[in-house]
Undergrad: 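Once you've had a glance at the structure underneath, I'll fire off some questions.
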Amino acid sequence: MTSAPKSNAVQPIIWLGDRLRLLDQRLLPLEETYLDCRSAAEVAEAIHGMAVRGAPAIGIAAAYGLVLAVRGDLKAFEAAEQVLAASRPTAVNLRWALARLRGLWQRGADAAALELEARRIHEEDLAQNLHMGELGAALLPQHARVITHCNTGALATGGHGTALGVIRTAYAQGKIGQVYNTETRPWLQGARLTAWELMREGIPAKLIADGAAAHLMRIERIDWVIVGADRIATNGDTANKIGTYMLAVAARRHGAKFMVVAPSGTFDLDCPNGEAIPIEERIATELTEFRGQQIAPGGMQAFNPVFDVTPAELIDAIVCERGVIANPTVDKITALLR
Ligand code: MRU
């Protein structure tokens, strides 16, 4: 069964040699507009401003951003690396991709070799996603009924997707009965982006409010909740889009299984557990305003963490390109990643 992306596959990141072209995800699904970045600072701004988002995608974009910086001057590496690394704190893929280029740069690689490595990171991500799609789909029953959160598809990665990649592959295999995707407040990655990707492929899906998930699990059978990850600690604790933890608690309560799908670049063996994962907090206006229009009373304060940590004990399987870890533990994770 093939699960390779179709010819109309979404291309959110296009490397043009002298610039990085990004599909501006802030405007989807109403507008398909591309943004050209010509410097590391412009790429960092696109990452911080959410034009490109999703852990693997920001890692790929950051790698190309670094290439833009060193094309004129290899000495620009460190300053550009710092600007890019500071653009978003939680997704470790960003630092992982920069570290891959740093290793080469320290060994004296030139700009052409760094560009080749950035292209490799991009291509490897697609290949890893296709493989994870097969591994994750094998865990699903026939007519699977699943919930997914945020956007983990082609838009969030080098192609195909992580959690959405599993759903794509399972759909190609005829195994998907029904997908429910959360709207994912406050950026609405689910309503705007995942819905767009699901509809383009005709996958049977219904949008739900984030707060509807536990109710849905109570009144209907849900087999699996399938999510991506922004950082996985050595013990399996997993940071992902805010609301993921709530879904894992509800899944355990209602007998649905919980799957995390992430490539090896999402694991951070320097973090012993979820406590050590930095959680990004973004500005209050993301909650108090909607598309520039005030919705909360003037002066209202807000708490806006955009990721949370799901404890490993609530995760039934982590699907990585190197294999599937059931009921993750430190020993299983270190053995797989060694
Ligand atoms: O804030 P975002 O849109 O970058 O958050 C994205 C997520 O949380 C995804 O679930 C995660 O990066 C995994 S994507 C393959």
Side-chain angles (χ1 to χ4, degrees), residues 10 12-13 22-26 28 44 46-62 87-97 121-122 124-126 128-130 132-133 136 147-168 181-197 210 225-232 238-248 258-268 277-283 286-287 304-310 315 318-321:
V10 184
I13 303 172
L22 299 170
L23 178 57
D24 191 338
Q25 300 191 27
R26 297 168 297 195
L28 286 172
I47 293 172
H48 181 71
M50 307 279 287
V52 57
R53 31 65 50 204
I58 63 178
I60 296 162
S87 59
R88 288 196 77 188
T90 301
V92 78
N93 309 59
L94 195 157
R95 276 155 205 78
W96 167 86
I121 290 171
H122 196 170
E124 279 172 14
D125 189 65
L126 172 59
Q128 290 170 347
N129 291 340
L130 291 168
M132 292 191 298
I147 296 178
T148 192
H149 188 49
C150 196
N151 174 266
T152 62
L155 290 167
T157 64
H160 197 65
T162 56
L164 200 52
V166 167
I167 292 170
R168 273 203 165 94
N181 68 293
T182 59
E183 56 177 357
T184 320
R185 287 277 300 147
W187 267 84
L188 300 174
Q189 290 95 328
R192 295 187 304 105
L193 309 176
T194 303
W196 185 71
E197 290 198 46
D210 298 345
V225 175
I226 310 176
V227 299
D230 287 81
R231 194 182 299 220
I232 303 177
T238 294
N240 190 50
K241 180 52 56 193
I242 191 75
T244 302
Y245 175 35
M246 195 164 74
L247 284 170
F258 194 87
M259 185 194 304
V260 172
V261 187
S264 45
T266 306
F267 288 79
D268 184 355
I277 300 178
I279 298 295
E280 178 181 6
E281 284 180 34
R282 294 180 65 95
I283 52 169
E286 290 184 354
L287 293 174
N304 185 22
V306 298
F307 298 99
D308 59 26
V309 173
T310 298
I315 299 171
I318 299 181
V319 174
C320 171
E321 84 282 0

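Ligands are counted one by one from 1 in listed order, and the atoms in each one are counted from 1 as well.
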Undergrad: How would you list, by chain and number, every residue that makes a ring pair (Phe, Tyr, Trp, His ring centres under 6.0 Å) with H149, sequence neighbours excluded?
TA: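 Expected list: none.
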
Undergrad: Heavy-atom distance under 4.5 Å between the side chains of V261 and V227, does that happen here?
TA: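 With C-beta onward as the side chain, the pair stays apart.
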
Undergrad: Determine, for R168 against E197, whether the closest basic-nitrogen to carboxylate-oxygen distance falls under 4.0 angstrom.
TA: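 So R168 pairs with E197 through a salt bridge.
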
Undergrad: How would you list, by chain and number, every residue that makes a side chain to side chain donor-acceptor pair (under 3.5 Å) with N181, sequence neighbours excluded?
TA: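 Counting only residues at least two positions away or on another chain, N181 forms no side chain to side chain donor-acceptor pair (under 3.5 Å).
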
Undergrad: Run through all N or O atoms in ligand 1 and write down each protein N or O closer than 3.5 Å, as a pair with its distance.
TA:
unit_1	atom_1	unit_2	atom_2	d
ligand 1	1 (O)	R88	NH1	3.3
ligand 1	1 (O)	R88	NH2	2.9
ligand 1	1 (O)	K241	NZ	2.7
ligand 1	3 (O)	R53	NE	2.8
ligand 1	3 (O)	R53	NH2	3.2
ligand 1	3 (O)	Q189	NE2	2.8
ligand 1	4 (O)	G54	N	2.9
ligand 1	4 (O)	R88	NH1	2.8
ligand 1	8 (O)	D230	OD1	2.9
ligand 1	8 (O)	N240	OD1	3.3
ligand 1	8 (O)	K241	N	3.3
ligand 1	10 (O)	N240	OD1	2.7
ligand 1	12 (O)	A55	N	2.8
ligand 1	12 (O)	D230	OD1	3.2
ligand 1	12 (O)	D230	OD2	3.0

Undergrad: Going through the checks in order, is the salt bridge (charged side-chain N to carboxylate O under 4.0 Å, His left out) test met by R185 and E183?
TA: CA-CA 6 Å; R185 287 277 300 147; E183 56 177 357; 5.5 Å; no

Undergrad: Donor-acceptor pairs under 3.5 Å, side chain of residues 51-58 to any protein atom, not counting sequence neighbours: which ones?
TA:
unit_1	atom_1	unit_2	atom_2	d
R53	NH1	Q25	OE1	3.0
R53	NH1	N151	OD1	3.0
R53	NH2	N151	O	2.8

